[in-house]
Amino acid sequence: VFIVSIIECFFGIWRLATIVKFIAIGATLIMFIKGYIRKSKPSFTIFFLLSLMSSLAYFYNGRPLVCLSSDIMNTLPAMLFFLVGYNDKRKTRSFYDLMMYIGSAVLFLGIICYVLTPGWYTNSLVEARNNSQFSSFEYNDDLLLESLRFSSFFEDSYPVSLLSVYILSISLFNYFRRDEKIKYSLICVFISFVSAILCMHRVSIASAILILLGFI
């Protein structure tokens with residue numbers, strides 16, 4: 001998803017990540033069918049069922065159903081990935097290290113574009129915002145730059161608010177490991193922490209600060 005976001009933004013093809021998500025969800029379902037996923041946690045099962053049942057409230061709370069479809073697509077399938085990790089028996093942390101390096105690199109490139117605002121970058125984000133079903137008015141370059149939260153190469157800043165905190169957690173773990181310090185993990189800590197601040201979401205800023213203090 002990180003790598004695809006660059007391709008999406010550069011070429012203005014804003015549906016590639018959705019395809020990647022569907023592939024990931026399909027792979028997860030195949031793992032269920034094949035019996036690779038057997039363990040769960042009661043707390044997760046209860047929370048998942050509550051989240052699923054909460055969708056019934058859309059039929060009487062006056063909210064548009066488009067919000068329901070968006071929440072179901074972005075929340076419930078992603079929650080199943082917890083079970084994939086919970087059932088993973090591998091002893092290495094190669095996936096987490098790879099995510100730290102690739103995620104930090106994409107965020108760093110995004111920060112450069114965010115500061116320098118090259119034409120292709122702003123034009124692509126303007127197009128994405130104007131084509132969004134949640135857009136209430138039409139953006140132009142000036143309006144975008146005035147209200148621009150850091151979104152790296154994503155359509156908006158919400159993926160950064162989530163992913164920057166994940167990468168910060170992984171980077172801090174790698175830096176404070178007792179057995180070894182993973183190369184460049186401190187640089188990744190700095191990049192992900194700055195990204196969590198620049199996206200200007202209060203939850204990500206608070207989370208990043210608390211996680212940093214907690215690890216220290």
Side-chain angles (χ1 to χ4, degrees), residues 1-7 17 20-21 23-25 27-28 30-32 34-48 74-75 77-115 149-154 157-216:
V1 170
F2 268 113
I3 296 171
V4 164
S5 71
I6 299 178
I7 300 171
V20 173
K21 288 178 185 178
I23 293 172
I25 292 166
T28 306
I30 291 172
M31 293 176 75
F32 268 115
K34 294 287 187 179
Y36 291 114
I37 297 176
R38 297 179 181 178
K39 296 191 302 179
S40 182
K41 287 182 76 73
S43 55
F44 169 80
T45 303
I46 292 169
F47 185 67
F48 186 86
N74 288 305
T75 306
M79 288 170 67
L80 298 177
F81 295 144
F82 164 79
L83 297 178
V84 178
Y86 189 63
N87 284 266
D88 189 0
K89 298 176 182 177
R90 292 174 296 178
K91 300 300 182 183
T92 67
R93 290 183 51 82
S94 57
F95 169 79
Y96 295 102
D97 296 340
L98 191 64
M99 182 177 179
M100 180 187 76
Y101 288 129
I102 292 177
S104 298
V106 172
L107 289 174
F108 179 68
L109 291 173
I111 290 172
I112 292 175
C113 290
Y114 177 75
V115 172
R149 290 175 166 181
F150 175 55
S151 62
S152 189
F153 300 102
F154 295 99
S157 56
Y158 286 97
V160 172
S161 71
L162 295 168
L163 294 167
S164 61
V165 175
Y166 300 158
I167 295 169
L168 178 62
S169 302
I170 297 169
S171 304
L172 284 166
F173 179 87
N174 281 339
Y175 182 73
F176 284 109
R177 280 178 66 172
R178 292 185 177 184
D179 53 347
E180 61 172 325
K181 287 187 179 180
I182 304 300
K183 258 186 180 180
Y184 310 119
S185 55
L186 185 59
I187 296 174
C188 296
V189 168
F190 179 74
I191 293 171
S192 53
F193 184 80
V194 170
S195 299
I197 302 299
L198 288 178
C199 72
M200 301 180 196
H201 287 267
R202 287 170 293 181
V203 174
S204 66
I205 294 172
S207 299
I209 293 172
L210 289 173
I211 288 169
L212 181 61
L213 293 175
F215 268 97
I216 291 173

Whether S104 side chain and Y101 backbone form a donor-acceptor pair below 3.5 Å: no
S204 (side chain) donor-acceptor with A196 (main chain) under 3.5 angstrom: yes
V106 vs S152, side chain to side chain contact (heavy atoms under 4.5 Å, CB included): CA-CA, chis, key distance, verdict: CA-CA 7 Å; V106 172; S152 189; 4.0 Å; yes
Using every non-hydrogen atom in the two residues, find where [X] and [Y] come nearest and quote the distance to one decimal.
| X | Y | value |
| --- | --- | --- |
| V160 | S195 | CG1-O, 3.9 Å |
| Y166 | M99 | CB-CE, 4.4 Å |
| S157 | F150 | CB-O, 3.4 Å |
| S40 | F44 | OG-CD2, 3.7 Å |
| L212 | F193 | CD2-CE1, 3.9 Å |
| K183 | M100 | O-CE, 4.3 Å |

So, do [X] and [Y] sit near enough that their side-chain heavy atoms are less than 4.5 Å apart?
| X | Y | result |
| --- | --- | --- |
| Y96 | N174 | no |
| F48 | L80 | yes |
| I167 | F2 | yes |

In terms of heavy-atom contacts, does [atom1] of [X] have more than 12 from other residues, nucleotides or ligands at under 6.0 Å?
| X | atom1 | value |
| --- | --- | --- |
| F190 | CZ | no |
| F95 | CZ | no |
| F215 | CZ | yes |
| I197 | CD1 | yes |

Value rounded to 0.5 Å, distance of [atom1] in [X] from [atom2] in [Y]:
| X | Y | atom1 | atom2 | value |
| --- | --- | --- | --- | --- |
| S207 | L168 | OG | CG | 9.5 Å |
| D88 | Y86 | CG | OH | 13.0 Å |
| R149 | Y158 | CZ | OH | 6.0 Å |
| L198 | I205 | CG | CD1 | 9.0 Å |
| M200 | S151 | CE | OG | 11.0 Å |
| F173 | S185 | CZ | OG | 11.0 Å |

Residue pairs fulfilling salt bridge (Lys or Arg N to Asp or Glu O under 4.0 Å) with at least one residue in residues 91-114, sequence neighbours excluded: none
All salt bridge (charged side-chain N to carboxylate O under 4.0 Å, His left out) counterparts of R177, not counting sequence neighbours: D179, E180
Trace of the side chain to side chain contact (heavy atoms under 4.5 Å, CB included) decision for I7 with F153: CA-CA 9 Å; I7 300 171; F153 300 102; over 6 Å; no
Given L163, I102, I191, the one that forms side chain to side chain contact (heavy atoms under 4.5 Å, CB included) with L107: I191
